[in-house]
Amino acid sequence: MQDAPATDGWAVDIVLCVDVTGSMGPVLNQVKEGALSFHGRLKAVMGRRGMDIGRMRLRVIAFRDFGADRDRAIESTPFLDLPEQDPEFAEFIAGLRATGGGDVPESGLEALALAVRSPWSAGTGDRRHIVVLFTDAPAHPLGKHTPRRRAAKSPSDRPPWWSSRRRATAAAPADGVFPRTLDELHDQWGHEGRDGAVMDQSAKRLLIFAPEQQPWRDIAETWDKTLFVPSVAGTGLKEIALDEVISTIARNL
């Protein structure tokens, strides 16, 4: 974890794991339309609840299916400071396209694994580390299509949104190894009686917007500090509005 600079108010890190396969156009369009206002809207909702944000960092992990879209199964940003880096956030989101996906299950667990191993801020003040996952599909079991190791992109392979002001990120955890089972990923999230947690246990929160299919229902029932918001499978989460997402994040801080 990285030491957070001293600030007044809460230090909030958010990782958005967004399914960007073909059916996910509705929620992706909402995120695109609300990208530049995301920080202000969340800060306003938190303010009404008596919680002030001193620092907000946002990371995006867009995922498809390693089985069908191997070279573009993961697109991600580093943590971006908002509102200072709103333009970079908006630029990355604008470049995403809802396409691909192959069969019905997607690589949502690999995206969740990347989120859990993010370089979260550390410190002694009030802070939250929040993972928000959006998908309208079940997930492949870890190990079915998961790459064992994936090297960082070379400069010539940098995506269009990359610039000299930020470092490109590898589509794999820092040690290059994805967990091989859901139990191993659960250990990294952290739970009573097991070692191996990489998350701050008091700061962590997981919000899942997904259909009542595996593994999302099992995660919601067995992982602590997790909220599950069920959606209709295969509809791109069109029934979920961005304002609802922002309110749900604020309520769970």
Side-chain angles (χ1 to χ4, degrees), residues 1-18 26-61 77-90 92-93 111-112 115-116 118-135 189-191 197-210 216 219-231 237-253:
M1 295 188 183
Q2 300 178 347
D3 289 336
T7 60
D8 294 328
W10 287 75
V12 179
D13 288 350
I14 301 173
V15 179
L16 300 180
C17 297
V18 185
V27 74
L28 182 57
N29 289 337
Q30 284 201 56
V31 175
K32 287 181 177 181
E33 291 171 4
L36 289 178
S37 63
F38 183 88
H39 170 266
R41 291 159 75 176
L42 180 57
K43 187 172 183 177
V45 172
M46 286 186 64
R48 291 195 292 270
R49 300 177 65 85
M51 299 174 67
D52 293 326
I53 296 179
R55 183 193 189 202
M56 182 189 294
R57 300 193 307 159
L58 185 70
R59 182 185 185 198
V60 182
I61 299 174
T77 71
F79 274 118
L80 303 173
D81 284 289
L82 300 186
E84 294 82 1
Q85 291 183 286
D86 274 346
E88 287 92 332
F89 171 45
F92 176 79
I93 293 295
L112 181 56
V116 167
S118 294
W120 304 100
S121 60
T124 58
D126 293 327
R127 63 187 184 278
R128 284 289 182 264
H129 301 158
I130 305 166
V131 178
V132 187
L133 186 143
F134 304 93
T135 184
W189 175 254
H191 57 109
V198 298
M199 298 288 294
D200 182 310
Q201 298 301 288
S202 64
K204 69 179 184 180
R205 299 290 188 274
L206 172 60
L207 309 180
I208 300 174
F209 295 83
W216 312 122
I219 289 175
E221 292 176 349
T222 58
W223 290 28
D224 66 340
K225 299 186 178 177
T226 297
L227 176 68
F228 179 67
V229 180
S231 64
L237 276 66
K238 64 182 180 182
E239 73 275 21
I240 296 176
L242 186 59
D243 282 340
E244 178 185 353
V245 173
I246 290 172
S247 294
T248 302
I249 293 172
R251 287 196 303 270
N252 284 274
L253 286 175

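With rounding to the nearest 0.5 Å, the separation of CZ in Arg55 from CD1 in Ile53 is 12.5 Å. Annotation: the span from Asn252 atom CG to Leu207 atom CG amounts to 5.0 Å, rounded to 0.5 Å. Note that CG of Leu42 is 6.0 Å distant from CD1 of Ile249, once rounded to the nearest 0.5 Å. Once rounded to the nearest 0.5 Å, the distance linking CG of Asp13 with CZ of Arg205 reads 13.5 Å. To the nearest 0.5 angstrom, Leu80 atom CG is 8.0 Å from Phe89 atom CZ. For the atom pair CG (Leu206) and CH2 (Trp189), the distance works out to 4.5 Å, reported to the nearest 0.5 Å.
In Lys204, the NZ atom is crowded: over 12 heavy atoms of neighbouring residues, nucleotides or ligands sit closer than 6.0 Å.
Thr226 contributes a side-chain N or O that, together with a main-chain N or O of Asp224, makes up a donor-acceptor pair within less than 3.5 Å. For the pair Gln201 (side chain) and Met199 (backbone), a donor-acceptor distance under 3.5 Å is present. With hydrogens and angles ignored, the 3.5 Å screen pairs a side-chain donor or acceptor of Arg59 with a backbone N or O of Thr77.
In terms of heavy atoms, Ser118 sits closest to Ala115 at OG-O, 2.8 Å. Nearest heavy atoms, Arg57 versus Asp81: CG-OD1, 3.4 Å. The two residues Phe228 and Ala210 come nearest to each other via the heavy atoms CZ-O, 3.4 Å. Nearest heavy atoms, Val131 versus Cys17: CG1-SG, 4.1 Å. In plain terms, the two heavy atoms of Ala122 and Arg127 that are nearest each other are CA-NE, 4.2 Å.
In this structure, Phe38 and Ile14 have side chains that are in contact, with non-hydrogen atoms separated by less than 4.5 Å. Using a 4.5 Å cut-off on side-chain heavy atoms (C-beta onward), Phe209 and Thr248 make contact. In this structure the side chain of Leu227 never reaches within 4.5 angstrom of the side chain of Arg251, judged on heavy atoms. The closest side-chain heavy-atom distance from Gln30 to Val245 is not below 4.5 Å.
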Practice item. Show your reasoning for whether side chain to side chain contact (heavy atoms under 4.5 Å, CB included) applies to Leu112 and Ile219. Key: CA-CA 11 Å; Leu112 181 56; Ile219 289 175; 4.2 Å; yes
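A search for side chain to side chain contact (heavy atoms under 4.5 Å, CB included) contacts involving Leu36 returns Asp86, Ala90, not counting sequence neighbours. Looking at residues two or more places apart in sequence or on another chain, you find a side chain to side chain contact (heavy atoms under 4.5 Å, CB included) between Arg41 and Ser37, Leu242, Asp243, Ile246.
Classification of the His129-Trp120 ring pair by plane angle, with boundaries at 30° and 60°, yields parallel.
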